[in-house]
Trainee: 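First, the structure itself, so that you have it in front of you.
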Amino acid sequence: GCSERNRTEVLLEELSPVTDPELLLDPETPQGEAFQWLDTVDTETNICTYPRLDQRYALAVLYYATNGTFWLDQIGWLSKDPECEWQDIVCSNDTVSKINLDSNGLEGTLEPELRVLGGLDELILSNNTLQGSLFSEVTELKTLAVLDLEDNRLIGNPLLLFVDMRSLVSVRVSKNLLTGQIPTSIENLDQLSELFIACNNFTGRLPTQIGLLQHLENLLVYQNVLTGPLPTELGNLDLRHLLAHENQLTGVIPTTLFNNLNLEVLQLDSNQFSGNVDPAIGELTQLVDLRLNENNLEGDLPVSIFALNKLEHLLLGNNAFTGQIRDSFDLFTSLEFFDVRNNQLTGLLPPSLFDIPTLQIAYFSNNSFAGSIPSNFASPPFLRDLYLDNNMIGGSVPPIGPGQLGQLTEFLLQSNDIGGIMPDSICELFSFLLEDLWADCSPPDPEIECSCCTQCFFSRPTAVPTTSVAPSVEPSSVPTSIPTKNPSSLPSVAPSQQPSGCSDRNKTGLLVEALSPITNVSQLLDPATPQGMAFTWLNDDIGTDPCSSMAIDQRYALAVLYYATNGTFWEEQTDWLSSSSECSWLNVSCTNETVFGVELVENNLIGTLQSEMRVFSELEELALNRNQLQGSLLTELKLLPALNVLEIE
């Protein structure tokens, strides 16, 4: 009888079909630890009668393989209670149907023993530190409908496995280190409603077969390296969210895309789309978020866009659009973010835009708008940023009433034909939240008299042209109608003339002046680049004083290295981006406050080296081996005359 046999032998016999006995008997493996726990600790479990011993064992393997001792919540795990009572485990008829260990501190790898959970419907392990490739046996989970592995460090291309799992309804693997192409066999997943693969390194084209997924509603592929056109077959779907920004997609935006009449979020920004936008876009009357900025689009803006009155965010900047903005915002009630900067637009500023009570951000920079500032421009109670610079706007700045523009932080007016005297009611906004007021007020012949402006520019045509800055509107991996980051608080241009005393000068302007010889200003002010992120950090860092003798350039270059190589996920990052001297940051060596050594060996650096490295003129040793650096080696390395040790194996 079983009860008379040796417990270890019985367990070995029961579990050897699941795991190789050599692993079971090796206490250094997660399988061995789970086996030992069942054998010597979990002795109240009757292994002769327990209905799902393999299931209990598989969960114990998961615990040990992901450093369960340090999970944030582990109530009941590896207790004498049935595994269906362990925290975050849901069962149906004593069979595990759901595991939800989101944001629980799991660190390690997923082991193939999970395949024994044949009744598993949902596996949610997002926001942890899982590593390695997904085990191929995952395809044995024949009932799995929801798989969420977002925000981990998984590698490989699990899509090649998922195409054989026809029960999948939701696949979320965004924010990992995944590579490869989207297989054409994705069409096998005919029940799929969600495909989230954003923030990885997928390459190649979006296959036309995606258009065969009749149940697909949410497609998130942003921040990859996808190329080629959007498939016209997307028009066969009924999408709610399409987020494909920050790739290398090309061609025209297919008119068929606008067949998705229930589309709520369409984000195609930061690609290489070209051509005109078809007026059929006006059919997308459910849109709340439309982002076409940072492309090569051209032609007149379709009038139909301005009928999409449910929009909360309308971002069209940094293209080559022409024509005028139709003054037809009367039915808009929720618009918060409006951006048409850096185009070739003409005509007047639309007064009805400023009647929208929710408006927070309005960017009109770098166009050819004429006329005057609408008299109602101060009506939106939450208006925070108003950029009118580099246009052909004339007249004077209208005074505002008591209580208006109390939330305004940036008001940019330079390089226009705006004259007269800056109203006292505008200057009084510095008692509230106003930080930047820029105008053509430089002596000896100011266009506008302004005693309170924080930056004065020369009148046109000698004003320094505004450089482009993209708002930080990167969404999370979950569809949202609200940007997950607010637009940058940095002014969008460099001043043409600086005040005389350093300590009285604007820190942003000083940093632009100090760093523009190293990095193009457009990159400095673009928060989507490593340079822009480093610049923003310096601007906010209390330890950075551009008026001191400190080496701003080397502090900046190290911050660029941090952001360009995914510093948030380095294995060791002690003191990096702290307010202390960069010479005290982990593995940075200095002599007389000058960097001579950077050693970040086996520290999980992921990304590319940037040209800002050339500022380390005294650098003798650069050791970055055993990481995941990509791309070509910098030509600027030849500008490091003192370098004698270079390790990048």
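The chain is numbered in sequence order, starting from 1.
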Trainee: Locate the shortest heavy-atom distance separating G323 from D300; write the atom from each residue and the value.
Mentor: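 Looks like N-OD1, 3.4 Å.
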Trainee: Taking the side chain as every heavy atom from C-beta outward, state whether D385 and F411 have any pair of such atoms under 4.5 Å apart.
Mentor: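 A side-chain contact is absent here, since even the closest heavy-atom pair is not under 4.5 Å.
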Trainee: Would you mind reporting whether L243 and L219 have side-chain heavy atoms less than 4.5 Å apart?
Mentor: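 Sidechains of L243 and L219: no contact.
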Trainee: Give a yes or no on whether the backbone of V225 and the side-chain of T203 come within a donor-acceptor separation of less than 3.5 Å.
Mentor: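 Checking the backbone N and O of V225 against the side chain of T203, no donor-acceptor pair under 3.5 Å is found.
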Trainee: Under the disulfide bond (SG atoms under 2.5 Å apart) rule, what do C450 and C456 come out as? Steps first, then yes or no, please.
Mentor: CA-CA 8 Å; C450 183; C456 281; 6.0 Å; no
Trainee: Could you pull out the closest heavy-atom pair between A198 and N224, with the gap in Å?
Mentor: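 Shortest heavy-atom contact: CA-ND2, 3.8 Å.
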Trainee: Would a 4.5 Å heavy-atom cut-off, applied to side chains only, mark I325 and L345 as touching?
Mentor: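 Contact flag for I325/L345 side chains = yes.
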Trainee: Counting only N and O atoms by type, is there a donor-acceptor contact under 3.5 Å from the side chain of T594 to the main-chain atoms of C590?
Mentor: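 Checking the backbone N and O of C590 against the side chain of T594, no donor-acceptor pair under 3.5 Å is found.
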Trainee: For D339 and N293, test the side chains for any donor-to-acceptor distance below 3.5 angstrom and give the result as yes or no.
Mentor: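 The answer is no; no qualifying pair exists.
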Trainee: Is the distance between the ring centroids of F364 and F338 under 6.0 Å?
Mentor: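 Between F364 and F338, the centre distance is under 6.0 Å.
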Trainee: Tell me whether the centres of the aromatic rings in Y562 and W570 are closer together than 6.0 Å.
Mentor: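 Close enough - the centres of the two rings lie under 6.0 Å apart.
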Trainee: For the side chain of N366 and the backbone of R341, is there at least one donor-acceptor N/O pair under 3.5 Å apart?
Mentor: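 Answer holds: no.
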Trainee: Is there side-chain contact between L257 and L230, with at least one heavy-atom pair below 4.5 Å?
Mentor: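 Answer yes - side chains close enough.
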Trainee: Considering residues at least two apart in sequence or located in another chain, which fulfil the ring pair (Phe, Tyr, Trp, His ring centres under 6.0 Å) criterion with F332?
Mentor: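 With neighbours one apart ignored, the set is F329.
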Trainee: What's the separation between atom CG in L301 and atom OG1 in T322, rounded to the nearest 0.5 Å?
Mentor: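 One gets 7.5 Å once the value is rounded to the nearest 0.5 Å.
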Trainee: Run I361 and R384 through side-chain contact (heavy atoms from CB on, under 4.5 Å) and show every step you take.
Mentor: CA-CA 6 Å; I361 298 167; R384 193 184 77 205; 3.4 Å; yes
Trainee: Measuring from atom CZ of F535 to atom CG of D540, what distance do you get when rounded to the nearest 0.5 angstrom?
Mentor: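 These two atoms lie 10.0 Å from each other.
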Trainee: Show me the pairs that pass disulfide (SG to SG under 2.5 Å) and involve residues 296-383, at least two apart or across chains.
Mentor: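 Disulfide (SG to SG under 2.5 Å) check on residues 296-383 returns no pairs.
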Trainee: Can a donor-acceptor pair be found, under 3.5 Å and without considering hydrogens, that links the side chain of S581 to the backbone of C583?
Mentor: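 Such a contact is found between S581 side chain and C583 backbone.
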Trainee: Under the 3.5 angstrom rule, does the side chain of D278 hit a backbone N or O of A280 as a donor-acceptor pair?
Mentor: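 The answer is yes, because a donor-acceptor pair under 3.5 Å joins these two groups.
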Trainee: Which heavy atom of Q630 sits nearest a heavy atom of T608, and at what distance?
Mentor: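 So the two residues come closest at O-CG2, 3.6 Å.
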Trainee: Verify side chain to side chain donor-acceptor pair (under 3.5 Å) between Q272 and Q248, making sure each step is shown before the conclusion.
Mentor: CA-CA 6 Å; Q272 300 168 27; Q248 297 174 22; 4.7 Å; no
Trainee: Quick one, W585 with S580, criterion side-chain contact (heavy atoms from CB on, under 4.5 Å). Give me CA distance, side-chain angles, the key distance, then yes/no.
Mentor: CA-CA 8 Å; W585 296 356; S580 60; 3.9 Å; yes
Trainee: I'd like to know if the side chain of D389 pairs up with that of S365 as donor and acceptor (distance under 3.5 Å, no hydrogens or angles considered).
Mentor: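 Yes, side-chain donor-acceptor contact under 3.5 Å.
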Trainee: Between F273 and N296, is a side-chain contact (heavy atoms from CB on, under 4.5 Å) present by the stated rule, with each step listed?
Mentor: CA-CA 6 Å; F273 290 114; N296 301 312; over 6 Å; no
Trainee: Taking N390 for the side chain and S415 for the main chain, is one N or O donor matched with an acceptor at less than 3.5 Å?
Mentor: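 Checked: no pair found.
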Trainee: Locate the shortest heavy-atom distance separating L511 from L538; write the atom from each residue and the value.
Mentor: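 Shortest heavy-atom separation between L511 and L538 comes out as CD1-C, 4.0 Å.
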Trainee: Taking G394's backbone N and O only, do any of them form a donor-acceptor pair with D417's side chain (distance below 3.5 Å, no angle check)?
Mentor: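 Checking the backbone N and O of G394 against the side chain of D417, no donor-acceptor pair under 3.5 Å is found.
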Trainee: Among W576, F616, Y556, find the residue that satisfies the side chain to side chain contact (heavy atoms under 4.5 Å, CB included) test when tested with L561.
Mentor: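 The side chain to side chain contact (heavy atoms under 4.5 Å, CB included) with L561 is passed solely by W576 among W576, F616, Y556.
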Trainee: Does some side-chain heavy atom of V588 sit less than 4.5 Å from a side-chain heavy atom of L558?
Mentor: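 Counting from C-beta outward, L558 and V588 do come under 4.5 Å.
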Trainee: Under 3.5 Å, is there a donor-acceptor pair between the side chain of N260 and the main chain of L234?
Mentor: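 Indeed, once roles are kept as given, a pair shorter than 3.5 Å links the two residues.
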Trainee: Please evaluate residues Q407 and T409 with respect to the criterion side chain to side chain donor-acceptor pair (under 3.5 Å), reporting the C-alpha separation (whole Å), side-chain torsions for both, the decisive distance (0.1 Å), and the verdict.
Mentor: CA-CA 6 Å; Q407 301 295 313; T409 61; over 6 Å; no
Trainee: So which atom in I542 and which in S579 form the shortest heavy-atom distance, rounded to 0.1 Å?
Mentor: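 Reported closest heavy-atom pair: CG1-CB, 3.9 Å.
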Trainee: To check you understand the geometry: which heavy-atom pair defines the closest contact between P381 and P357, and what is its length?
Mentor: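 Between these two residues, the closest heavy atoms are CD-O, 3.3 Å.
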Trainee: In Å and rounded to the nearest 0.5 Å, what is the CD to CG distance from E294 to N342?
Mentor: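 Rounded to the nearest 0.5 Å, the CD-CG separation comes to 8.0 Å.
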Trainee: Report the C-alpha distance between N271 and T250 in whole Å, list the side-chain angles of each, state the deciding distance to 0.1 Å, and finish with yes or no for side chain to side chain donor-acceptor pair (under 3.5 Å).
Mentor: CA-CA 7 Å; N271 280 289; T250 56; over 6 Å; no
Trainee: For R205 and T227, does a side-chain donor sit closer than 3.5 Å to a side-chain acceptor?
Mentor: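 Their side chains do not contain a donor-acceptor pair, so the 3.5 Å distance test is not met.
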Trainee: Within a radius of less than 6.0 Å around CZ of F382, do more than 12 heavy atoms belonging to other residues, nucleotides or ligands occur?
Mentor: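 Atom CZ in F382 is not crowded, with 12 or fewer foreign heavy atoms closer than 6.0 Å.
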Trainee: So, the side chain of N319 versus the backbone of L292: is there a donor-acceptor pair under 3.5 Å, distance only?
Mentor: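 Such a contact is found between N319 side chain and L292 backbone.
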Trainee: Given the rule in the side chain to side chain donor-acceptor pair (under 3.5 Å) test, do E298 and S274 qualify, once you have shown the distances and angles that lead to the verdict?
Mentor: CA-CA 7 Å; E298 58 187 6; S274 57; over 6 Å; no
Trainee: Would a distance-only check, ignoring hydrogens and angles, find a side-chain to backbone donor-acceptor pair under 3.5 Å from W438 to Q414?
Mentor: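 Side chain of W438 to backbone of Q414: no pair is present.
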Trainee: Are C452 and C427 close enough that their SG atoms are less than 2.5 Å apart?
Mentor: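 Their SG atoms fall under 2.5 Å; a disulfide, then.
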Trainee: How long is the straight-line distance from CG of L311 back to CZ of R291, given to the nearest 0.5 Å?
Mentor: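 CG of L311 is found 11.0 Å from CZ of R291.
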Trainee: How many angstroms lie between atom CG of L386 and atom CG of L437, to the nearest 0.5 angstrom?
Mentor: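 Output value for this atom pair is 11.0 Å.
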Trainee: To the nearest 0.5 angstrom, please state how far the CG atom of D269 sits from the CD atom of E246.
Mentor: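 The CG atom of D269 sits 6.5 Å away from the CD atom of E246.
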Trainee: Apply the test side-chain contact (heavy atoms from CB on, under 4.5 Å) to residues V221 and F202: give CA-CA distance (whole Å), side-chain angles for both, the deciding distance (0.1 Å), then the verdict.
Mentor: CA-CA 9 Å; V221 297; F202 286 111; over 6 Å; no
Trainee: With side chains defined as the heavy atoms from C-beta onward, is the minimum distance between M422 and L413 less than 4.5 Å?
Mentor: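 When only atoms from C-beta onward are counted, L413 and M422 do touch, with a gap below 4.5 Å.
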Trainee: Is any side-chain heavy atom of L316 closer than 4.5 Å to one of L314?
Mentor: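 L314 vs L316: side chains touch.
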Trainee: A quick test of your reading: do over 12 heavy atoms of other residues, nucleotides or ligands sit less than 6.0 Å from CZ of R326?
Mentor: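 Not more than 12 within 6.0 Å, no.
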Trainee: Does the side chain of T454 reach to within under 4.5 Å of the side chain of E435, using non-hydrogen atoms?
Mentor: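 No, every pair of side-chain atoms sits at 4.5 Å or beyond.
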